[in-house]
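Read through the structure below, which is laid out as structure tokens, and then see the notes.
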Amino acid sequence: MTFSSWRLRISVAVALFLSSVAALNMLDSLRREHSLIKPYQGAGMNVPQWDFTGSTMVTSNFIRLTPDQQSKQGAIWNSVPCYTTKWEFQVQFSVHGTGRDLYGDGFAIWYTKTRMQLGPVFGNQDLFSGLAVFLDTYNNHNGPHNHEHPFVSAMVNNGSAVYDHDRDGTHTQLAGCAAKFRGKSHPTHIAIRYEPSVLKVSLDIDGKNQWTECFRVEGVELPTGYYFGVSAATGDLSDNHDIVSLKFYNLEENVDPNFTLQRSHIIPSAKTSEAQREHVEDVPPSKIGKVATSGLKVFGYIILIIIVCIVLIFGGIFLYQYSKEDRRKRFY
Ligand SMILES: *[C@@H]1O[C@H](CO)[C@@H](O)[C@H](O)[C@H]1NC(C)=O
Ligand SMILES: *[C@@H]1O[C@H](CO)[C@@H](O)[C@H](O)[C@H]1NC(C)=O
Ligand SMILES: [Ca+2]
């Protein structure tokens, strides 16, 4: 056996080891019941844990909420309520169409009490209870407070506030940032991260596989037991609003059951509004938060140790036989 074949064996073993570490870290916090990943379809035509309404169409590579046609509304909703207090929801999407300068209206990501109600707010009902993150591609508003479009913003509602389309929701938004996410040939992503009482939205839209912070606001209270959904709408203007994947990560560490119970009774609220927003510090972007020990992680470590043992044992056997052969060669 030559030295280079040994080097190959060792590097294959190292690569296997490293990829299993990475896979375990992801497995650790990804929750399938709130995620939508290719292949979408389960047995038959239905997509497990997700319901569809309006113009939504499932293909093998994406879920099209609206086609590039006027006056469409479509949505997908998770059928499993979320009882996690600390999470990250990552959406891979693609907004594109034939319009060069005129296109719209955009889409929205929801964490709300009710689901499956088509309506005027990016294809969902108004007077919602919960969190909305809007990815607004059309600038309806040219007065004061107007901002560059496409624009990403968040709104928290207890069911009493109306989303003002004509002003692009500027009066009710918590925070936002301009982001040119439309018509990209590379994958575009948004991550919404929540933990009591901080909401952070990050974007990965430049094809660099890197999150950049859009905004971070404190004083945001969201209950558990709400539903995730994504909706989109077209009006006079249109676009394809496609969802490629939805990934939910549970970032909880040692959860106190009393705390989780308390959080289920909260009425959605946000202390800050954009006008009075305090200075926000910069947090280094992260793909997913580091997660501390959970049962799954411990299980993962056990598997890792087993893998390491197997690699060591086989490595030992190889080395032993190699040296035996070597000795034999020297004898003859
Ligand atoms: C709902 O929010 C409004 C402000 O948007 C506030 O005036 C009202 O008191 C809130 N209702 C509840 C039940 O918290
Ligand atoms: C949870 O609440 C119950 C009753 O309210 C109390 O007896 C118990 O000690 C609490 N547990 C923790 C971990 O705080
Ligand atoms: Ca708009």
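Just so you know, ligand 1 is whichever comes first in the structure, and atom 1 is the first atom listed for that ligand.
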Evaluation steps, salt bridge (charged side-chain N to carboxylate O under 4.0 Å, His left out), between Glu195 and Lys200 = CA-CA 9 Å; Glu195 67 184 281; Lys200 187 177 139 185; over 6 Å; no
Among Val162, Asn157, Ile267, Asn158, closest by any non-hydrogen atom to atom 6 (C) of ligand 1 = Asn158
Can you tell which of Phe122, Phe134, Phe93 makes a ring-ring contact (aromatic ring centres under 6.0 Å, His included) with Phe107?
-> Phe93
Hey, is atom 11 (N) of ligand 1 under 4.0 Å from any protein heavy atom?
-> yes
Counting only heavy atoms on the protein side, is anything nearer than 4.0 Å to atom 14 (O) of ligand 1?
-> yes
Output, in order, the C-alpha distance, side-chain angles, deciding distance and verdict of salt bridge (charged side-chain N to carboxylate O under 4.0 Å, His left out) for Lys180 and Glu148.
-> CA-CA 9 Å; Lys180 297 209 174 338; Glu148 228 182 295; 3.0 Å; yes
What pair of heavy atoms forms the shortest contact from Thr84 to Asn250, and how long is it?
-> CG2-OD1, 3.3 Å
Compare all side-chain heavy atoms of Cys82 with those of His34 and state whether any distance is below 4.5 angstrom.
-> yes
Can the ring centres of Phe128 and Trp110 be said to be less than 6.0 Å apart?
-> yes
Measure up the Tyr226 and Tyr111 rings against each other and bin them: parallel (under 30°), tilted (30 to 60°), perpendicular (over 60°).
-> tilted
Would you say the side chain of Leu246 lies within less than 4.5 Å of the side chain of Val230, judging by non-hydrogen atoms?
-> yes
Does some non-hydrogen atom of Ser160 fall short of 4.0 Å from ligand 1?
-> yes
Could you please tell me which protein N, O or S atoms lie under 3.0 Å from the Ca ion (ligand 3)?
-> Asp136 OD1, Asp136 OD2, Tyr138 O, Asn140 OD1, Asp168 OD1
